[in-house]
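Below is one structure, written out as structure tokens, with a few remarks after it.
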2 protein chains.
Amino acid sequence: MLEDTSLRMTRQRRVILEELRAVTSHPTADEMYEMVRRRLPKVSLGTVYRNLEILAESGVVLKIDVGGTKKRFDGNVAVHHHLRCVACGRVDDVELDPGVDLEALAAARTDYDILRHRLEFVGVCPACKAKEG
Amino acid sequence: MLEDTSLRMTRQRRVILEELRAVTSHPTADEMYEMVRRRLPKVSLGTVYRNLEILAESGVVLKIDVGGTKKRFDGNVAVHHHLRCVACGRVDDVELDPGVDLEALAAARTDYDILRHRLEFVGVCPACKAKEG
DNA sequence: GTCGTTGCAAACGGTTTGCACCGTC
DNA sequence: GACGGTGCAAACCGTTTGCAACGAC
């Protein structure tokens with residue numbers, strides 16, 4: 001992936017990408033900062049932000065914005081959807097084939113050129129269900 | 001709607017709600033502030049934020065978060081989906097029946113209790129298509 | 001050696017909040 | 001008259017940016 005691009009491969013960038021890919025938790029930028037800091041204690045938060053942005057722009061990772069205030073990042077760029085817990089904010093993956101071409105349906109009802117879509121579910125995760133009883 | 005709730009009806013709150021309902025443009029909080037200020041020149045931005053929050057919490061209006069930095073608000077609480085222009089940021093409505101129960105599909109693939117979902121399309125609006133040629 | 005990248009710290013922008021006064025109920 | 005709402009300004013918090021030193025190519 002990254003290997004195919006013309007991005008300069010600094011130690012910071014490599015570690016950020018490795019850490020993001022090692023995890024399925026859709027971390028926020030500051031969670032990434034903590035993860036990366038374990039391996040590169042002198043890394044700066046600005047570097048984490050800059051690299052996540054660059055990696056997202058080049059399509060190597062996904063920037064996701066599932067409601068809430070903070071942006072989250074995803075090392076899995078395959079098509080999939082997200083599930084956010086209203087109680088704790090965690091974001092999980094859900095693979096789901098609607099069986100219909102949603103973008104085609106939308107295109108038929110508007111003059112926009114449709115580029116992509118986002119389908120996100122909001123609910124209560126198993127852990128929070130247990131807590132709430 | 002608001003009439004059914006126990007909310008105290010101040011002049012500011014009434015004007016905010018009227019202005020939001022008079023429009024289909026999904027304004028941001030500061031756009032609402034400008035709209036309301038034409039009728040109540042002394043209104044404060046904090047009041048606009050507080051009331052939009054309260055109205056959204058009580059289900060009288062919709063708070064929408066279609067990517068981008070600023071939250072937007074929608075006086076139309078009927079089920080519908082949104083279409084965001086990547087070029088200018090405008091948000092339009094699109095009514096669309098996927099013909100399948102997306103939440104049921106998702107529920108079958110997860111242990112979350114699913115409460116709701118968001119389906120949003122991203123594209124280029126007619127005006128920006130024209131500009132871009 | 002070049003020029004993109006880093007660490008640092010300060011700035012930014014949208015949103016929230018503490019407070020004393022005000023107005024709805 | 002009580003108590004929720006208001007205006008104002010300052011605080012907040014996630015993110016971005018200017019800058020001089022650094023390091024990948």
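The sequence lines fix the lettering, A, B, ..., with proteins before strands; numbering per chain opens at 1. Below, each value reflects all heavy atoms present in this structure, side chains not excepted, and no hydrogens, waters or symmetry copies.
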Practice prompt. Please report the C-alpha distance between A/Val124 and B/Leu115 in whole Å, then the side-chain angles of each, then the deciding distance to 0.1 Å, and finally whether the side-chain contact (heavy atoms from CB on, under 4.5 Å) criterion is met.
Written response: CA-CA 8 Å; A/Val124 184; B/Leu115 298 173; 4.1 Å; yes
Fill in: Protein proximity profile, nucleotides 15-25 of chain D - base contact B, sugar-phosphate-only contact S, no contact -, cut-off 4.0 Å on heavy atoms
BBBB----BBS
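- Remark: side-chain polar atoms of B/Arg13 are paired, donor with acceptor, to backbone N or O of B/Arg8 under 3.5 angstrom.
- Residue pairs meeting the ring-ring contact (aromatic ring centres under 6.0 Å, His included) criterion with at least one partner in residues 98-117 of chain A, sequence neighbours excluded, are A/His117-B/Phe121.
- For B/Arg37 and D/dT6, the CZ to P distance is 17 Å, given to the nearest whole Å.
- A donor-acceptor contact shorter than 3.5 Å links the side chain of A/Arg118 to the backbone of A/Asp65.
- Looking at A/Asp92 and A/His26, their side chains never bring a donor and an acceptor atom within 3.5 Å of each other.
- Side-chain contact between A/Leu83 and A/Val122 is absent, with no heavy-atom pair separated by less than 4.5 Å.
- Regarding B/Arg14, its CZ atom lies at a distance of 15 Å from the C1' atom of D/dT6, rounded to whole Å.
- Look at CZ on A/Phe73: it is 13 Å from P on D/dG14, rounded to the nearest Å.
- Computed from coordinates, the B/Asn51 CG to D/dT6 C1' distance equals 9 Å when rounded to whole Å.
- Here the P atom of nucleotide C/dT6 and the CZ atom of A/Arg39 are 15 Å apart, to the nearest Å.
- In this structure a side-chain-to-backbone donor-acceptor pair under 3.5 Å is missing from B/Glu57 to B/Ile54.
- Atom pair B/Tyr33:OH and C/dT16:P shows a separation of 16 Å (rounding to whole Å applied).
- The C1' atoms of five pairs define one axis at each end of the helix from C/dG1-D/dC25 to C/dC25-D/dG1, and these two axes lie 40° apart (to 10°).
- Taken together through direct or relayed side-chain contacts under 4.5 Å among Ile, Leu, Val, Met, Phe, Trp and Tyr, B/Val91 and A/Ile114 form parts of separate hydrophobic clusters.
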